Amino acid sequence: MKTIKQFYFLVSYLALAILMGCSDDDNVNVDSTPEFANLISEISSLPGQIFNLEAVINDPAGIKSIRLQYEPWFLDKTIQKDSLPTNYTLNYAFKIPQDALDDSSHTIIITAENAGGVTAQREVVVSLDADFTAPQIAFVSPANASTVQIGEGDEILLDINLTDNKILGELKIESSILNETVILSDKSSNYKKSINIEEPGLYVFNVTLTDKAGNTTTSTRSVNVVDELNFLQMFLADQAEPSAFDNAISGYPYVADTSTVSGEEGFVFTIKYFADSANKEVRFVAQESGFGPFTFGGDANNPGNLVIGSDASVSPIIISEPGYYDIKMDLRDLSYTITSIDATAPATIASGFTGVYVTGPGLKVGDITLTRFNPSQSSAPLNVDPDFQYRYSADIEFTTETGQFIFIGNQTNYSIFWRLNSGDIEAANTLVPQGGSNAAFSQQYEGTYKLTVDIFLNTMSIVKV
């Protein structure tokens with residue numbers, strides 16, 4: 001019996017020894033603590049954005065686990081490392097809840113544990129105050145590509161409104177006659193400077209605006225300073241209200257062609273124009289943005305002679321009957337001529353043409369919403385003018401923030417089509433038969449607009465109703 005008791009005692013002792021040995025293996029005695037390197041401890045972001053928790057964690061005893069915790073965002077992630085690496089690069093992406101509050105602050109706990117069970121904690125503070133929005137530059141004057149005449153006073157007035165959703169940082173203006181840097185510290189500011197010009201020439205101002213977060217916006221203004229009436233460009237306006245310039249996305253005011261004949265450059269301009277009513281009043285303007293500083297109208301007492309003004313009060317040129325006209329102005333003798341044009345059918349509509357239609361995603365034309373390029377399944381007709389067969393129009397709405405469209409001559413195929421001379425609808429109003437670029441937009445235009453296409457003049461305009 002004694003022998004049996006001794007045997008059981010020996011077995012129990014050996015089992016206990018084995019268990020104690022295993023326990024020693026699981027709880028290694030170490031004299032190190034996990035260390036954090038390159039920890040990004042402060043993060044600026046916004047609700048709905050993704051940020052990364054980043055650090056390098058080192059421990060010669062081996063890293064067993066890394067735990068990421070923040071209860072309000074339901075973050076409790078443990079990364080187990082069975083291989084016990086001596087260093088680990090943490091790069092964990094996390095999306096902030098969309099309903100988190102702007103300008104709030106949140107602390108995430110990162111806990112690293114080594115093979116001996118020794119832990120170390122670090123905090124990462126996430127502030128929801130990030131600024132990803134670029135500041136805004138709004139020129140009050142000068143109008144881009146405008147022309148001013150040398151006089152006795154300051155010819156150029158820079159008047160610029162500057163705004164940011166948070167805090168502005170720096171304004172920089174660079175040109176051949178002005179180089180200046182202004183430090184800013186508010187959400188909005190206005191910059192004004194009058195410049196006296198003594199030599200005629202083209203003056204270009206490059207403006208860079210940076211906010212405190214480093215977001216940057218640039219804008220350029222060019223001004224043609226002349227000692228005689230000579231212009232880089234000319235436009236035709238047929239509305240007396242200054243708001244007409246702001247209500248147009250594309251095609252207004254109407255662009256005139258500059259003569260390339262030697263001696264006529266900058267003085268002689270012509271435009272093919274459609275008058276939609278009797279006694280139509282038109283004026284030439286030397287800047288795309290409005291009537292000032294140069295507007296040219298007709299001398300009411302001397303038909304064929306131009307008069308000069310700086311706003312819509314200058315007497316207009318009168319076109320007596322509806323129809324197509326070729327209008328020419330000559331600044332050398334301040335004269336103009338108006339010649340009637342007989343519209344003829346464009347060659348592109350000879351075969352298969354049934355009308356003008358729009359196809360492409362992003363527009364609602366009348367009651368039809370377009371979702372893709374497809375003549376038979378996603379296109380909408382424009383309405384033909386009953387008196388002028390080459391003019392088509394429709395009320396449209398923009399249904400998306402970005403989109404593209406083209407014009408087609410039937411709802412079967414692309415055998416007849418028109419695109420634009422430029423892909424940006426704000427920069428183009430000329431149609432290119434069987435060529436060009438898709439009419440593209442990259443912002444949400446609110447409201448209803450009238451789209452007008454003239455396949456005789458090859459023009460397009462989009463004006464707010």
Side-chain angles (χ1 to χ4, degrees), residues 145-149 224 226-241 244-245 248 251-346 385 387-391 421 429-431 452 454-461:
S146 61
T147 297
V148 297
Q149 194 169 11
N224 186 35
V226 299
D227 53 10
E228 59 182 343
L229 293 175
N230 183 278
F231 297 89
L232 298 175
Q233 57 186 0
M234 192 65 64
F235 305 88
L236 190 75
D238 59 6
Q239 304 292 323
E241 298 78 16
F245 294 88
Y252 188 87
Y254 313 108
V255 180
D257 294 323
T258 305
S259 175
T260 58
V261 177
S262 177
E264 293 185 355
E265 302 98 325
F267 297 104
V268 178
F269 299 87
T270 59
I271 184 170
K272 288 182 171 56
Y273 171 74
F274 174 77
D276 59 4
S277 62
N279 297 315
K280 191 71 176 183
E281 298 182 355
V282 301
R283 298 169 179 86
F284 282 100
V285 293
Q287 49 287 318
E288 188 175 8
S289 58
F291 288 105
F294 287 101
T295 302
F296 299 91
D299 187 337
N301 298 318
N302 297 285
N305 290 348
L306 291 172
V307 291
I308 305 174
S310 59
D311 54 40
S313 66
V314 66
S315 59
I317 297 170
I318 305 296
I319 301 175
S320 58
E321 297 294 335
Y324 291 97
Y325 294 89
D326 195 324
I327 308 174
K328 177 181 178 181
M329 69 176 299
D330 190 336
L331 295 174
R332 294 172 300 180
D333 60 2
L334 290 178
S335 66
Y336 70 90
T337 59
I338 302 176
T339 305
S340 179
I341 300 173
D342 291 327
T344 57
D385 188 317
D387 298 318
F388 297 93
Q389 59 179 319
Y390 305 124
R391 291 184 64 81
N421 61 320
N429 69 336
T430 301
L431 299 181
T452 302
D454 192 311
I455 59 175
F456 171 67
L457 296 179
N458 282 324
T459 58
M460 177 198 79
S461 66

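Start at 1 with the first residue, then count along the sequence. Keep in mind that this is a model prediction, so the values were computed, not measured.
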**Prompt:** How many angstroms lie between CZ in F267 and OG1 in T258, if you round to the nearest 0.5 Å?
**Reply:** 12.0 Å
**Prompt:** So, for D454 and F274, which heavy atoms are closest and what is the spacing to 0.1 Å?
**Reply:** OD2-CB, 4.4 Å
**Asked** Which value, rounded to the nearest 0.5 Å, describes the distance between F269 atom CZ and S259 atom OG?
**Response** 9.0 Å
**Prompt:** Rounded to the nearest 0.5 Å, how far does NZ of K272 lie from OH of Y324?
**Reply:** 12.5 Å
**Request:** Can you measure from CD (E321) to OG (S277) and round to the nearest 0.5 angstrom?
**Result:** 10.0 Å
**Message:** For the backbone of V314 and the side chain of R283, can you confirm whether one donor and one acceptor N or O come within less than 3.5 Å of each other?
**Reply:** yes
**Fill in**
For A275 and Y325 the tightest heavy-atom approach is CB-CE1, 4.2 Å
For residues 230-241, run the donor-acceptor check on the side chains, cut-off 3.5 Å, and write out each pair with its distance to 0.1 Å, sequence neighbours left out.
unit_1	atom_1	unit_2	atom_2	d
N230	ND2	E265	O	3.1
D238	OD2	Y254	OH	3.0
D238	OD2	Y273	OH	2.8

**Request:** Could you tell me if the ring centre of Y252 sits under 6.0 Å from that of F245?
**Result:** yes
**Prompt:** Is Y390 reaching over with its side chain to a backbone N or O of A345, donor-acceptor style, under 3.5 angstrom?
**Reply:** yes
**Message:** Donor-acceptor check, side chain of T430 to backbone of T459, threshold 3.5 angstrom: yes or no?
**Reply:** no
**Request:** Calculate, to the nearest 0.5 Å, the distance between atoms CG and OG1 belonging to D330 and T270 respectively.
**Result:** 11.0 Å
**Request:** Start with the C-alpha distance between I271 and V255, add both sets of side-chain angles, then the distance that settles side-chain contact (heavy atoms from CB on, under 4.5 Å), and finish with yes or no.
**Result:** CA-CA 7 Å; I271 184 170; V255 180; over 6 Å; no
**Message:** Just to verify, what does E264 make a salt bridge (charged side-chain N to carboxylate O under 4.0 Å, His left out) with, not counting sequence neighbours?
**Reply:** R332
**Asked** For D276 and P322, which heavy atoms make the closest approach, and how far apart are they?
**Response** C-CB, 4.3 Å
**Any side-chain heavy-atom pair of T295 and F284 under 4.5 Å** = no
**Request:** Any chance you could lay out the side-chain contact (heavy atoms from CB on, under 4.5 Å) test for Q149 and L229, step after step, and finish with the verdict?
**Result:** CA-CA 7 Å; Q149 194 169 11; L229 293 175; 3.9 Å; yes
**Prompt:** Which distance, rounded to the nearest 0.5 Å, do you find between the CD1 of I338 and the OG of S320?
**Reply:** 8.0 Å
Going by atom type alone, with no hydrogens or angles, which donor-acceptor pairs under 3.5 Å involve a side-chain atom of residues 301-311 and a protein atom two or more places apart or on another chain?
unit_1	atom_1	unit_2	atom_2	d
N302	ND2	D299	OD2	3.2
D311	OD1	S313	N	2.9
D311	OD1	S313	OG	2.3

**Message:** Applying side-chain contact (heavy atoms from CB on, under 4.5 Å) to M329 and L331, what does each step give before you reach the verdict?
**Reply:** CA-CA 7 Å; M329 69 176 299; L331 295 174; 3.4 Å; yes
**Asked** Would you say the side chain of E281 lies within less than 4.5 Å of the side chain of I318, judging by non-hydrogen atoms?
**Response** yes
